[in-house]
Amino acid sequence: MQRNSFDRNEQQYFYGMVAAGLLVVAMGLFAAHMMEEHGHIITGMNNQIVWGMPHVFAIFMIVAASGVLNVASIGSVFGKSVYKARAPLASLLSIALLAGGLTVLMLDLGRPDRVIVAATHYNITSVFAWNVLLYTGMFATVVVYLWTMMEQRMNRWTKPAGFVVFAWRFILTTGTGLIFAFLSARQAYGSALLPPMFIVISFAWGLAVFHVVQSSIYAWNGKKHTPEIVSRMKNLLGIFIIGALYLVAAYHLTNLYFAHQSAFERFILVDGGIYPQLFWWGYGLLGNLLPLLLIYTPGLGKPRNVLAASLLVILGGFALLYVFIIGGQAFPLNIFPGYEVKSSFGDGQIGLYQPSLPEFLLGLGGLAIAFLITTIGVRALNFMPHDKPHVVAAGATD
Amino acid sequence: MSDTNVQRRQFLKTSVGAAAVAIAPGMLLFDMAHGKTEAVSSKVRWGMLIDTANCADGCNDCVKACNKENGLSGGLSPTDSQWIRKVELKDMRSGREVSLPMMCQHCAEPPCVDVCPTGASFKRADGIVLVDKHTCIGCRYCMMACPYKARSFVHEPLHDQKPDVPRGKGTVESCTMCVHRVDKGQQPACAEACPNKSILFGNLNDPESEISRKIRTVASTQVRADLELNTGIRYQGI
Amino acid sequence: MRFFLLALLLVSTPVWAADSLIPKLDIGKGGKCVEEPQWMRKNHMHVLLHQRDETVHQGIRDGKYSLKVCIECHASTKDDSVIGRADSFCEGCHRYEAVKIDCFECHSSKRKSSLAQEASLVQKESK
């Protein structure tokens, strides 16, 4: 390979990227500081839409953090060597995304200075409190898992550690789904379908994030994609996208079937303004149809197409979460079934929400934290997927 | 076992007993001297019965009294706190119109308490549901869980709060059933302010209380009774 | 040698300056406190914490160590507040010790019955 200007300046590029990441993190922290100084009045959130843009970012990252481990699980638990080579990178990504998501969630609290209270006062009946344990446990188990993979003397523990991680992330995503599933009074939530829906969605988002990161690392190191591996992973991505779509469809169809939910479904799918737009164009077209076309159309499905499909899946994920979280709250609570209601507190009215700059900055800051951890991790340690030639050949058949 | 051992045990038992007898009245006296009231108990369950037939359309006196008592601004923007609000209902089939005050329903099985990660949302033994703002981290999960939209989040720094009603930025709050008044033996401000006496406050656990007797004789409902939260606020006429 | 003297000067400066920096507090009405002042200086946060939980969760409102009672006595006679100035009863000391007070973001820092207002009324009347 001839040395070009990129190779000569590679070091500078790395520091440039770290600096850019730090800048975005700093902006996020500044936004959080402003929110603490002035209160949530500077955000678009209010007493009707109590969770806003920060939660869209945070939940995306937390769900993807669990899903990206799928790559590791297929390697360690199901013994597929193509995925085994990618398990360390998947674990690093998981830690990075979890750290980013939790930081956003924490900094959005009304009293982030009291976050320690969440550890000292523990309400056993709260799903949120369970999740605090699930998240910290996830960090710990993934770190141990990584250690068993990267330290050769620990290699024999990789499989059991992989099993623990495999089980743990299922429970974790179930917990994330339960946060909403337990809200029985809200039309948008309170469905037992939500935990499995979140689990399958996490597979798609996690694999999409993994593809994007892997492609970037390959490009950075001037490494070529192996067609067999790309083909295997793109098919998996396709299956996950279809699986997620199926559960989202099932969730809406069950809602449509219950007469008392039809007003809500009408709002989300037809006449709710921004929400149906985002659902059909953002999630439906960009997040599902286009990626599936890019993956399955004969002649497409090349690494470039798979990268585009992955980016679209991520975009569609944000659209879906926006509709789910914010649209779900915008629809008024049905406090008096059978009555038309109005009041000074927004009863019976669609809640208004205008995301504000600090919210975006906080969310992007979380993404930047994940980006920094990944960038520095990949450079400092050996996370590059190493496929042995015979593995590639076998990979096409096993 | 030797005799001395038995004797020693006997001695210890007697002396501990004697000490207890000597100290106990002193401790009792100490408590009385300091006038320490008893903790609230579950023998009482505070509740309200709201007669919507008497609740005048357009009358806002309960809301005003609440704002005054608790130091709320009275602002109506979506980021302002409203502990009690007047809701105008219209039956979609018959067209019958009803007006009623809506606030925290002080559930016996409050969803906000179940979901609160730190236990800041809690129910007092006497049934009043409160937020302990010392441990509230402002996650707003309780607002997501409340079926009645009863809670508000303090979006801005506050000044000049009422000494009896601490409130602050970044925490969630809602109707306290005027707990500071109830503990002094008074009625909640809204009940006292209602010109038509449509808000009847009392002890649901005492069969002889006015509220219990009335609930036995007239038809009353709980809002979203299907959720089986056993609310402390009951309504007549809806 | 010169370096040694300089170092000595640097080290000792806070010591002789400290006396003048000790906050002179406006203790409001003052009078007998619920405990010895020295004990209160050391332990007020513990008793307040203990009693706050009893009050909030169990409705016991007439305990001895109430923040409201502290303020009733110790708020300044000038502005009825325990915070806001360098000599305010709470803030004066907390500034000196560099300990953040969390209480007054939610709790009122003013006494219920205004002394400052009374004082100004008396002044007006005597004029």
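Proteins come first, then strands; the chains are lettered A, B, ... in the order of their sequence lines, and each starts at number 1. Please read these numbers as outputs of a predicted model, since none were measured by experiment.
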Query raised in the report: Among C/Lys68, C/Lys110, C/Arg111, whose side-chain contact (heavy atoms from CB on, under 4.5 Å) with B/Pro163 holds?
Result: C/Lys68
**Report entry** Engaged part of B/His159 at the chain C interface, taking heavy atoms whose separation is under 4.5 Å
**Finding:** neither
Report summary line: Turns out that what part of B/Lys123 lies under 4.5 Å from chain C's heavy atoms comes down to neither
Report task. Quick one: do B/Lys184 and C/Arg61 satisfy side-chain contact (heavy atoms from CB on, under 4.5 Å)? Show the steps, please. Result -> CA-CA 9 Å; B/Lys184 277 190 285 189; C/Arg61 286 180 186 269; 5.8 Å; no
Requested in this report: Check each atom of C/Asp53 against the heavy atoms of chain B and say whether the ones under 4.5 Å are side chain, backbone, both or neither.
Outcome: side chain
Query raised in the report: Crowded around B/Lys197 NZ? As in, over 12 foreign heavy atoms under 6.0 Å?
Result: yes
Query raised in the report: Which heavy-atom pair separates C/Val56 from B/His134 by the least distance, and what is that distance?
Result: CG2-CE1, 4.0 Å
**Report entry** Among C/Gln58, C/Glu105, C/His57, residue most engaged with chain B (heavy-atom pairs, under 4.5 Å)
**Finding:** C/His57
Report task. Determine yes or no for a side-chain-to-main-chain donor-acceptor pair under 3.5 angstrom, with C/Glu54 supplying the side chain and B/Ala39 the backbone. Result -> no
Query raised in the report: In Å and rounded to the nearest 0.5 Å, what is the CZ to CD distance from C/Phe104 to B/Gln161?
Result: 10.5 Å
Requested in this report: Find the one option among B/Gly71, B/Gly168, B/Pro166, B/Ser41 whose heavy-atom pairs under 4.5 Å with chain C are most numerous.
Outcome: B/Pro166
Report task. Give the member of C/Cys106, C/Ser108, C/Ser109 that has the highest number of heavy-atom pairs under 4.5 Å with chain B. Result -> C/Cys106
**Report entry** CD/B/Glu210: more than 12 non-hydrogen atoms of other groups inside 6.0 Å
**Finding:** no
